2 protein chains.
Amino acid sequence: MEKYKRMLVEKGIKPTFQRIKILEYLEKHHNHPTVDMIYSALYKKVPTLSKTTVYNTLGVLSKHGLVSVLSTLDSEAHYEYNFNSHHHFICKVCHRIIDIDVPCTFRQYVEELGHKVEEVHGNFVGICKDCMEKQYE
Amino acid sequence: MEKYKRMLVEKGIKPTFQRIKILEYLEKHHNHPTVDMIYSALYKKVPTLSKTTVYNTLGVLSKHGLVSVLSTLDSEAHYEYNFNSHHHFICKVCHRIIDIDVPCTFRQYVEELGHKVEEVHGNFVGICKDCMEKQYE
DNA sequence: CTATTAATTTATAATCAATATAAATTAAAT
DNA sequence: ATTTAATTTATATTGATTATAAATTAATAG
Ligand SMILES: [Mn+2]
Ligand SMILES: [Mn+2]
Ligand SMILES: [Zn+2]
Ligand SMILES: [Zn+2]
């Protein structure tokens with residue numbers, strides 16, 4: 001609670017109960033949730049919560065760099081707490097989004113081309129290990 | 001004309017006038033167009049064209065690997081003819097999508113983790129060179 | 001403390017890209 | 001020439017997101 005409150009205050013965001021809970025959820029759950037997943041999970045503990053607030057809060061949090069929006073081919077946007085930058089594997093079968101750590105160094109190269117790079121999104125799309133193994137059972 | 005006809009036949013796709021024109025447009029224009037951009041551009045030469053056909057055709061073409069769908073944060077999907085694999089820079093200001101060629105070798109690493117990689121999407125998001133220069137004029 | 005003002009949350013309506021459905025057209029097969 | 005299948009087109013529907021306005025909560029001033 002206090003931890004997330006401080007994080008919000010540091011960024012100049014008023015630490016409301018809803019915002020704290022949403023930030024806490026994202027920091028604790030690395031499942032790259034959608035708005036709906038966040039809403040469903042928090043609804044139990046914050047029964048007054050509205051989906052609009054989830055949208056608004058995610059907008060505020062991402063504007064201040066606390067969370068980031070993933071670029072997927074899914075119809076719904078996926079969000080994650082901003083840990084250290086990493087890549088993703090997106091499974092076409094189970095639709096899981098798996099964190100991938102690779103020492104990507106191309107950011108600097110792109111900067112040298114004259115572009116200002118603010119985010120790097122690396123997505124490997126295919127069939128995940130678990131789903132591959134299930135095919136041969 | 002004949003060139004695109006052959007490409008379609010090779011993949012077992014019936015080479016209709018609409019499909020040929022859409023494939024031709026994508027092969028000749030490397031602007032990563034949306035459905036709307038393709039429709040607007042071809043509407044002049046194929047006045048009977050419907051937007052539904054553009055959606056359908058892009059579905060068919062991408063299913064057969066002739067075109068690919070980009071993963072962007074845009075509300076509309078962007079498409080491109082399937083040249084050799086490459087990455088993209090997405091400008092937050094002018095919304096252009098610029099091709100970036102980097103010798104990315106992480107595909108194999110992800111495969112070694114047990115995942116089957118079918119596509120690699122690398123996006124650098126920020127402010128492009130042109131827009132950066134315009135800021136200081 | 002009470003009144004006033006501003007910020008946030010919530011409820012509701014509107015938007016719009018994408019999909020689903022069905023009718024019309026075209027091509028292929030008998 | 002008739003039937004059948006595939007494709008295109010027109011139209012309706014869906015569903016995530018955004019916009020708008022009302023309700024609630026917090027902050028400020030007197
Ligand atoms: Mn992640
Ligand atoms: Mn490209
Ligand atoms: Zn999977
Ligand atoms: Zn630009």
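Just so it is clear, the structure is predicted and the values come from calculations on it, not from any experiment. Labels below follow one simple rule: chain letters A, B, ... track the order of the sequence lines, proteins then strands, and each chain is numbered from 1.
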Checklist entry - Looking for any heavy atom pair under 4.0 Å, which part of the strands does A/Thr16 touch: base, sugar-phosphate only, or nothing? => result sugar-phosphate
Checklist entry - Of the nucleotides D/dA10, D/dT7, D/dT17, which has the atom closest to the A/Ala77 side chain? => result D/dT17
Next on the checklist: For the aromatic rings, using the six-membered ring if either is Trp, is the centroid distance between B/His32 and B/His88 under 6.0 Å?
Outcome noted: yes
Item to check | Proximal nucleotide (of C/dA17, C/dT9, D/dT7) relative to the B/Tyr55 side chain | outcome: C/dA17
Checklist entry - Expressed in angstrom and rounded to an integer, what is the separation of A/Phe17 atom CZ from D/dA26 atom C1'? => result 16 Å
Next on the checklist: Can you measure A/Leu42 atom CG to C/dT9 atom P for me and round it to whole angstrom units?
Outcome noted: 13 Å
Next on the checklist: side-chain hydrogen bond (donor to acceptor under 3.5 Å, both in side chains), that's the test. Do B/Glu76 and B/His78 meet it? Break it down for me.
Outcome noted: CA-CA 6 Å; B/Glu76 298 173 67; B/His78 291 258; over 6 Å; no
Checklist entry - Can you tell me how far P of D/dT25 sits from CG of A/Leu49, to the nearest Å? => result 14 Å
Next on the checklist: Just so I know, are the side chains of A/His87 and B/Val110 near enough to count as touching, which here means a heavy-atom distance under 4.5 Å?
Outcome noted: no
Checklist outcome for this item: To the nearest angstrom, the CD1-C1' distance between B/Ile38 and C/dA17 comes to 14 Å
Next on the checklist: With a 4.0 Å cutoff (strictly under), does any side-chain N or O of B/Thr52 reach OP1 or OP2 of D/dT9?
Outcome noted: no
Next on the checklist: For B/Lys14 and B/Asn56, find the nucleotide of DNA chain D closest to each by heavy atoms; which residue's nucleotide sits nearer the 5' end?
Outcome noted: B/Lys14
Checklist entry - Expressed in angstrom and rounded to an integer, what is the separation of B/Lys51 atom NZ from C/dT19 atom C1'? => result 14 Å
Checklist entry - How is A/Thr48 classified with respect to the nucleic acid when contacts are heavy atoms under 4.0 Å: base, sugar-phosphate, or nothing? => result sugar-phosphate
Item to check | Distance-only side-chain donor-acceptor flag, B/Glu80 / B/His86, under 3.5 Å | outcome: yes
Checklist entry - Under 4.0 Å between a side-chain N/O of A/Gln18 and OP1 or OP2 of D/dT25, yes or no? => result no
Checklist entry - How would you label the contact of A/Ser75 with the nucleic acid (heavy atoms, under 4.0 Å): base, sugar-phosphate, or nothing? => result sugar-phosphate
Item to check | Nearest-Å distance for atom pair CG/P, residues A/Leu70 and D/dA16 | outcome: 17 Å
Checklist entry - Expressed in angstrom and rounded to an integer, what is the separation of B/Leu73 atom CG from C/dA17 atom P? => result 17 Å
Next on the checklist: Using whole Å, what does the distance between atom P of nucleotide D/dT14 and atom CD of A/Glu76 come to?
Outcome noted: 17 Å
Item to check | Nearest listed nucleotide, side chain of B/Arg19, among D/dT8, C/dA18, C/dA11 | outcome: D/dT8
Checklist entry - Relative to each other, are the rings of B/Phe83 and B/Tyr81 parallel, tilted or perpendicular (30° and 60° limits)? => result perpendicular
